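Structure first, then comments.
As the structure is a computational prediction, the values presented were derived from the model and not from experiment.
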Amino acid sequence: MRNETLRLILLLLLCSHLHSVLSWKKEEFRTCHQTPFCKRARSRAPGSSSLIATDVTISHGDLTAKLTAKHDSQSETKPLLLTLSVYQRGILRLKIDEDPSLSPPKKRFEVPDVIVSEFPSTKLWLPKISSVENGLSSSVYLSDGHSAVLRHDPFELFIRDDSSGDRVISLNSHDLFDFEQLKHKSEDDNWEEQFRSHTDRRPYGPQSISFDVSFYGADFVYGIPERAASLALKPTRGPNVDESEPYRLFNLDVFEYIHDSPFGLYGSIPFMVSHGKARGSSGFFWLNAAEMQIDVLAPGWDAESGIALPSHRIDTFWMSEAGVVDAFFFIGPNPKDVLRQYTAVTGTPAMPQLFSIAYHQCRWNYRDEEDVEHVDSKFDELDIPYDVLWLDIEHTDGKRYFTWDRALFPHPEEMQRKLASKGRHMVTIVDPHIKRDENFHLHKEASQKGYYVKDASGNDFDGWCWPGSSSYPDTLNPEIRSWWADKFSYQSYEGSTPSLYIWNDMNEPSVFNGPEVTMPRDVTHYGGVEHRELHNAYGYYFHMATANGLLKRGEGNDRPFVLSRALFAGSQRYGAVWTGDNTADWDHLRVSIPMVLTLGLTGMSFSGADIGGFFGNPEPELLVRWYQLGAYYPFFRAHAHHDTKRREPWLFGERNTELIKDAIHVRYALLPYFYTLFREANTTGVPVVRPLWMEFPSDEATFSNDETFMVGSSILVQGIYTERAKHASVYLPGKQSWYDLRTGAVYKGGVTHKLEVTEESIPAFQRAGTIIARKDRFRRSSTQMANDPYTLVVALNSSQAAEGELYIDDGSSFNFLQGGYIHRRFIFSNGKLTSIDLAPASSSKGRYPSDAFIERIILLGHAPSSKNALIEPSNQKVDIELGPLWVLRARAPAVTTIRRPNVRVAEDWTITVI
């Protein structure tokens with residue numbers, strides 16, 4: 001009888017959960033007014049802080065001070081400890097915490113394993129305080145041309161441009177700093193908070209932190225994902241602002257989220273970038289995994305404060321439920337500098353395997369092995385390349401991860417080997433909720449070892465998710481992460497093969513019967529850490545453990561591929577992310593671009609949105625437009641809910657199949673270019689897809705443009721976001737021309753063009769002065785293209801010059817770290833195309849061996865008078881003639897082409913047009 005009751009409860013919960021798929025239920029999630037720490041922080045007026053900096057000195061290479069309340073203050077706040085540290089590249093770190101010598105109830109949580117291990121070694125030891133300005137402030141060297149200034153009374157920190165005296169960034173310029181200290185609970189204290197039917201005990205009382213941060217010379221601010229909103233962050237408070245909610249950072253499982261909203265989604269990265277024509281770019285990062293709410297304040301919000309600051313600035317207000325102040329300031333001054341500085345702290349994106357940046361085919365769920373085989377063979381029949389086929393939760397035995405439903409998937413190894421024979425791979429889903437079943441070995445082991453997150457009473461936390469009653473591994477604990485990683489071995493994960501990779505979903509973590517569909521804040525983790533303190537990083541640690549599992553499985557030789565829905569600062573080191581449960585409508589197609597751009601701006605370069613929308617049934621036109629746009633996402637995957645109609649590329653009529661195939665072919669042709677960009681991201685932190693202003697930082701027309709984006713520095717793309725569109729207005733920045741990627745037609749830069757739109761493609765252009773490498777022979781998968789020849793597309797600028805790069809390695813191993821790669825720069829100038837080796841000479845012995853060659857060189861913008869080209873050092877002549885811009889496209893325009901130069905990509909050479 002008890003089992004029947006449990007089954008009924010589970011059925012009702014799951015039905016309720018699935019019903020919520022039909023629409024986003026705003027009432028299930030807290031507003032700022034329903035969130036006490038946010039409500040308290042927002043109620044404070046400028047000038048309300050009473051802290052001053054005392055005992056300022058240099059200790060162990062840092063500036064240290066105490067923050068104490070003014071003598072005339074009524075505050076009972078104990079002194080706080082402040083530490084300022086300076087690092088290479090002009091990075092300033094501020095830490096503020098309670099004084100451990102004053103016996104706080106416990107140590108406040110500092111987020112571990114996010115800062116990369118090499119970062120502390122870049123610290124610059126401060127020998128002394130550079131100056132004391134009339135005893136009112138202290139300054140220290142930050143970088144050539146910049147100083148960090150600590151004002152004593154009232155407490156304020158700002159970075160100063162020493163050449164102009166102008167401010168760059170400041171903290172607490174409006175005296176809004178507040179730090180609620182932990183307390184010992186007495187019988188009279190009642191700190192409980194209620195939301196709907198849930199109670200949060202808050203055993204240490206209110207512990208929030210809030211402060212203001214100002215960006216000087218800024219026209220816009222960006223970042224702090226994840227949400228479905230514009231790229232440039234709109235004001236949330238102040239004059240003429242209708243929307244009263246701050247931007248929320250709290251990882252949540254949100255179904256069919258709405259667009260143009262400050263509401264937080266699956267991930268949280270508390271990193272903001274400012275940009276303006278006058279000052280350039282700067283950035284601010286708060287390493288804190290608790291819930292955060294951030295206001296962008298409209299000009300004039302502080303008109304009655306009496307505080308005098310430079311007028312050209314953007315003020316923001318940061319509020320967090322718990323944690324410490326561990327903040328990083330990045331001075332830029334250009335956008336790419338800010339990304340380099342941020343990723344020096346949190347790490348650059350991992351170098352992905354080549355197959356993972358190709359096309360992925362997914363749905364919830366491919367039914368069985370026969371379904372998998374049919375889908376796979378249909379791609380071959382229609383000559384549509386793809387690299388990865390995905391299996392969602394239904395492939396498991398009763399939602400027990402690391403298992404297979406043997407009735408539906410009786411031969412998983414053979415199924416994977418069939419795909420691998422064509423160079424293809426498979427991905428299966430592994431979520432953090434473990435089915436509470438005493439006959440399930442994973443649950444039994446985790447329970448016996450005490451590896452689950454604990455509830456407020458100290459018992460294993462029991463929540464509801466897809467399997468029903470579930471518990472969650474405490475992956476904050478390094479020992480548990482190591483245990484979890486071992487589960488991906490071939491011995492432990494029966495039915496897995498070397499071509500199988502992993503998908504982490506629901507890792508916010510999602511708890512169907514929890515407050516806001518997540519884990520209660522007062523459950524506890526390793527070291528007594530409350531969930532409220534680390535919530536936004538839970539999925540990060542789970543992602544880390546999974547990626548480490550694949551690394552172990554491959555004995556350190558195989559790059560992991562793990563897709564995660566939840567994300568935090570540093571997630572870029574462990575794999576890809578996607579934008580979650582979007583919807584098949586034009587608004588979600590449109591908002592996917594600012595979402596992906598924002599992720600890239602905050603380190604997460606490898607991201608994309610579900611092609612076609614996860615929910616709903618896209619009309620053929622929408623689906624085609626989504627493929628045409630998605631072919632330029634860094635992560636290119638089609639995915640759909642199990643209640644939707646099947647939507648493989650061949651199910652919408654012959655014409656639409658051809659259009660979708662053509663879009664996928666564009667991606668495969670551009671894989672060499674994309675892979676080169678992923679290597680750039682891996683070495684510099686600069687994202688694969690970029691807002692226009694990252695490449696054109698002085699062009700104000702680009703600052704709020706999020707319909708158009710750059711792929712690297714060479715390709716500009718604009719989606720078509722409305723149905724039955726006949727025209728599109730496209731702004732092409734810069735002084736140089738742009739070449740239509742499909743036709744080679746030339747368009748003037750610095751102008752908005754009204755272009756005719758056809759069903760065949762979306763507007764995409766190559767920037768004059770660039771060289772792009774392509775592969776124009778299409779195979780079943782990217783793996784089968786490894787030895788295919790290259791085409792170079794040389795887009796000449798007004799000086800008849802261009803340059804570009806090409807990076808090649810084996811596409812899968814870590815040999816590139818030991819020099820196992822090819823990196824070339826191509827320069828066209830004065831009628832000569834030269835290939836230059838960019839790899840360091842020290843790595844020449846371990847170079848990646850390749851016999852690949854260049855079979856065509858297309859010269860866009862070159863007068864077709866020349867008939868020959870001379871290749872040196874071979875002293876060989878080859879023909880120059882008109883040839884198709886795209887070999888496999890019917891009616892491709894004819895362009896000037898050097899045919900069959902057959903020079904090897906790995907060698908130095910020069911080709912002179914004669």
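With sequence neighbours left out, the ring pair (Phe, Tyr, Trp, His ring centres under 6.0 Å) criterion links F329 to F284. For D162, the salt bridge (charged side-chain N to carboxylate O under 4.0 Å, His left out) test picks out R160, with sequence neighbours left out. Under the rule for a ring pair (Phe, Tyr, Trp, His ring centres under 6.0 Å), the partners of F250 that lie at least two apart in sequence or sit in another chain are H535. Listed by chain and number, the residues in a side chain to side chain contact (heavy atoms under 4.5 Å, CB included) with K336 are N334, R340, V686, R690, M694, E695 (sequence neighbours excluded). Under the rule for a side chain to side chain contact (heavy atoms under 4.5 Å, CB included), S698 has no partner lying at least two apart in sequence or in another chain. Every side chain to side chain contact (heavy atoms under 4.5 Å, CB included) that S268 has, sequence neighbours left out, goes to L249, N251, N536. Annotation: ring pair (Phe, Tyr, Trp, His ring centres under 6.0 Å) contacts of F330 (sequence neighbours excluded): F271. Taking D699 as the reference, nothing meets the salt bridge (charged side-chain N to carboxylate O under 4.0 Å, His left out) condition, with sequence neighbours excluded. For W693, the ring pair (Phe, Tyr, Trp, His ring centres under 6.0 Å) partners at least two apart in sequence or on another chain are Y222, H275. Considering only residues two or more places apart in sequence or on other chains, L81 meets the side chain to side chain contact (heavy atoms under 4.5 Å, CB included) condition with K66, D99, P100.
Annotation: cation-pi geometry satisfied between R167 and F158 (NZ/CZ under 6.0 angstrom from ring centroid, within 45° of ring axis).
No donor-acceptor distance shorter than 3.5 angstrom exists from the side chain of E192 to the backbone of R202, with no hydrogens or angles considered. Between the side chain of D212 and the backbone N or O of L176, at least one donor-acceptor pair lies under 3.5 Å. No side-chain donor-acceptor contact under 3.5 Å links E707 to the backbone of R590. With Q293 contributing its side chain and S320 its backbone, the two residues share no donor-acceptor pair below 3.5 Å. Judged by distance alone, with hydrogens and angles left aside, the side-chain atoms of E98 form a donor-acceptor pair with the main-chain N or O of L182 at under 3.5 Å. For Q341 (side chain) and R89 (main-chain N/O), a donor-acceptor pair under 3.5 Å exists by modelled atom type. Between the side chain of Q572 and the main chain of M604, no donor-acceptor pair closer than 3.5 Å is present. Of the possible polar contacts, one joining the S571 side chain to the F568 backbone as a donor-acceptor pair under 3.5 Å is found.
For residues 77-100, the set of pairs meeting the ring-ring contact (aromatic ring centres under 6.0 Å, His included) definition, not counting sequence neighbours, comprises Y87-F119. Listed by first then second residue, pairs satisfying ring-ring contact (aromatic ring centres under 6.0 Å, His included) with a partner in residues 131-155 read F155-F177, not counting sequence neighbours.
Between the side chains of S170 and R313, no donor-acceptor pair of N or O atoms lies under 3.5 Å. Counting only N and O atoms by type, the side chains of T518 and E508 include no donor and acceptor under 3.5 Å apart. No side-chain donor-acceptor contact under 3.5 Å links S147 and S139.
Of the candidates E291, H531, E533, E530, E291 is the only one forming a side chain to side chain donor-acceptor pair (under 3.5 Å) with R521. For the ring-ring contact (aromatic ring centres under 6.0 Å, His included) with H174, the lone residue among W318, F211, F317, W301 that qualifies is W301.
Enclosure of atom CD in E304 is not indicated, since only 12 or fewer non-hydrogen atoms of other residues, nucleotides or ligands lie within 6.0 angstrom.
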Checklist entry - Given the rule in the side-chain hydrogen bond (donor to acceptor under 3.5 Å, both in side chains) test, do T343 and T348 qualify, once you have shown the distances and angles that lead to the verdict? => result CA-CA 5 Å; T343 54; T348 58; over 6 Å; no

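Annotation: F263 is not in aromatic contact with Y257 [ring centroid separation under 6.0 Å not met].
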